Amino acid sequence: MLLKGTKVFLTGGSRGIGKAAVFELVKQGADVAFTYVNSEKGAIDTVDQAKKINPDVTMRYYQLDVRNSKQVNEVAEKAIADMGTIDVVVNNAGILRDNLIYHMSDEEWDDVIDTHLTGTFHVCRAFLEEFLYNKAGKFINISSICHVGSAGQANYSAAKAGIIGFSKALAKEYGYKNIYANVIVPGYFKTELTDANASEMIVDQFVRLSMLQREGQPHEFGKAIVFLASELSSFVNGDVLYVTGGLDTIPPKDEKRKKKK
Ligand SMILES: NC(=O)c1ccc[n+]([C@@H]2O[C@H](COP(=O)([O-])OP(=O)(O)OC[C@H]3O[C@@H](n4cnc5c(N)ncnc54)[C@H](OP(=O)(O)O)[C@@H]3O)[C@@H](O)[C@H]2O)c1
């Protein structure tokens, strides 16, 4: 097992690719603390399924809105106390509020920037003290192929590009102290997030543009998390790992995203 005894904190483990990552982590022996914001049922289900995969691991889950820095600090402190320490932090929580720029409200812009970019900053800052004390730690921050700019998703594109810059700065500030900050750029994975926001036509385009000619399976995202959390990636820092099946462009504007005023 690659991660036996490694203690991981992951945001957004109640569904989607975050949930799949929890399963891959426990498969490799990691103890996992994860968060949800609304779906407590989803969080309980994650624990139940993870315990079936590996009954020997320790698991905790917490309600957390990553936009709220006070809550983030409290949950980080609690997770460190409950787990003994935290070795790896995964910033995965995310939302979409798509609209064309002309029609985008302040709320749609702020919700997405606050959840992805500011949330990632809040969570990394909250665990830095523990990592510095341990003289070790790994941040894995989740961007998106949309960081290159996706029509109808300016808020999301900006946040996901920002996560790359933020993570590289983090690695430059603390890499020499044995603290890692890497980014995963996922391609297209079928989850509630993508299901609710992409038409069949867009999904089909994503598939056709990928070199593997298919969507990613959530467990394949989980395996990339395992790689960056483990010793296998000991010389990978400030880097960006693409887990896209070879998708290097995104489909043009989806007609469904056009909203009339
Ligand atoms: N799926 C893809 O193809 C894809 C591609 C590129 C990037 N990504 C990125 O991968 C991450 C996960 O995506 P997904 O598709 O798995 O999404 P998802 O199925 O919608 O799950 C989102 C997760 O984030 C949590 N969350 C949402 N808002 C939050 C907040 N303010 N504070 C804390 N947690 C919050 C949700 O908790 P609740 O369940 O409690 O609501 C849920 O656990 C996101 O960062 C997304 O941008 C996904």
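Order of appearance sets the numbers: ligands from 1, and atoms from 1 within every ligand. Residue numbers run from 1 in the order of the sequence given. Fair warning: this is a prediction, and the values are worked out from it, not measured in the lab.
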Taking side chain to side chain donor-acceptor pair (under 3.5 Å) as the test, write out the residues that go with Tyr242, two or more places apart. His147
Non-hydrogen side-chain atoms of [X] and [Y] separated by less than 4.5 Å:
X      : Y      : value
Ser230 : Gln28  : no
Ile142 : Ile225 : yes
Thr191 : Phe221 : no

Taking 4.0 Å as the limit for heavy-atom contacts, which would you say applies to [X] with ligand 1: side chain only, backbone only, both, or neither?
X      : result
Ile95  : side chain
Lys160 : side chain
Asp65  : both
Leu193 : both
Phe189 : both
Glu40  : neither

Could you walk me through whether Lys190 and Asp195 pass the side-chain contact (heavy atoms from CB on, under 4.5 Å) check? CA-CA 6 Å; Lys190 199 173 162 60; Asp195 258 0; 3.0 Å; yes
Who's the nearest protein heavy-atom neighbour of [atom], and how far?
atom                    : result
atom 34 (N) of ligand 1 : Ala93 CB, 3.3 Å
atom 12 (C) of ligand 1 : Asn92 OD1, 3.2 Å
atom 33 (C) of ligand 1 : Leu64 O, 3.0 Å
atom 16 (O) of ligand 1 : Ile17 N, 2.8 Å
atom 32 (N) of ligand 1 : Val66 N, 3.0 Å
atom 8 (N) of ligand 1  : Tyr156 OH, 3.6 Å
atom 19 (O) of ligand 1 : Gly16 CA, 3.4 Å
atom 23 (C) of ligand 1 : Gly12 CA, 3.9 Å

Is there any N or O on [X] that sits under 3.5 Å from an N or O of ligand 1?
X      : value
Gly94  : yes
Ser14  : yes
Thr191 : yes
Ile142 : no
Ile145 : no
Arg15  : yes

For [X], counting its heavy atoms only, list the atoms of ligand 1 lying under 4.0 Å from any of them.
X      : answer
Ser39  : 38 (P), 39 (O), 40 (O), 41 (O)
His116 : 45 (O), 47 (O)
Thr194 : 1 (N), 2 (C), 3 (O)
Tyr188 : 3 (O)

[X] with [Y]: basic N within carboxylate O range, under 4.0 Å:
X      : Y      : result
Glu74  : Lys78  : no
Arg214 : Glu220 : yes
Asp48  : Lys52  : no

Is [X] near ligand 1, meaning one of its heavy atoms is under 4.0 Å from it?
X      : value
Lys190 : no
Ser143 : yes
Gly119 : no

More than 12 foreign heavy atoms under 6.0 Å from CD of Gln213: is that the case here? yes
So if I apply the side-chain contact (heavy atoms from CB on, under 4.5 Å) rule between Phe139 and each of Thr120, Leu170, Val88, Asn237, which one comes out positive? Leu170
Can a side-chain donor-acceptor contact be found between Asp45 and Gln49 if the only test is distance below 3.5 angstrom? yes
Ignoring hydrogens and angles, state whether a donor on the side chain of Thr85 or Asn134 is under 3.5 Å from an acceptor on the partner side chain. yes
Got a second to check how far Arg67's CZ is from Thr115's OG1, nearest 0.5 Å? 4.5 Å
Aromatic contact, Phe9 with Phe127 (centres under 6.0 Å): yes
Walk me through it: do His116 and Tyr156 pass the test ring pair (Phe, Tyr, Trp, His ring centres under 6.0 Å)? CA-CA 8 Å; His116 290 274; Tyr156 187 66; 5.2 Å; yes
Heavy-atom donor-acceptor pair, Ser150 side chain to Ser157 backbone, under 3.5 Å: no
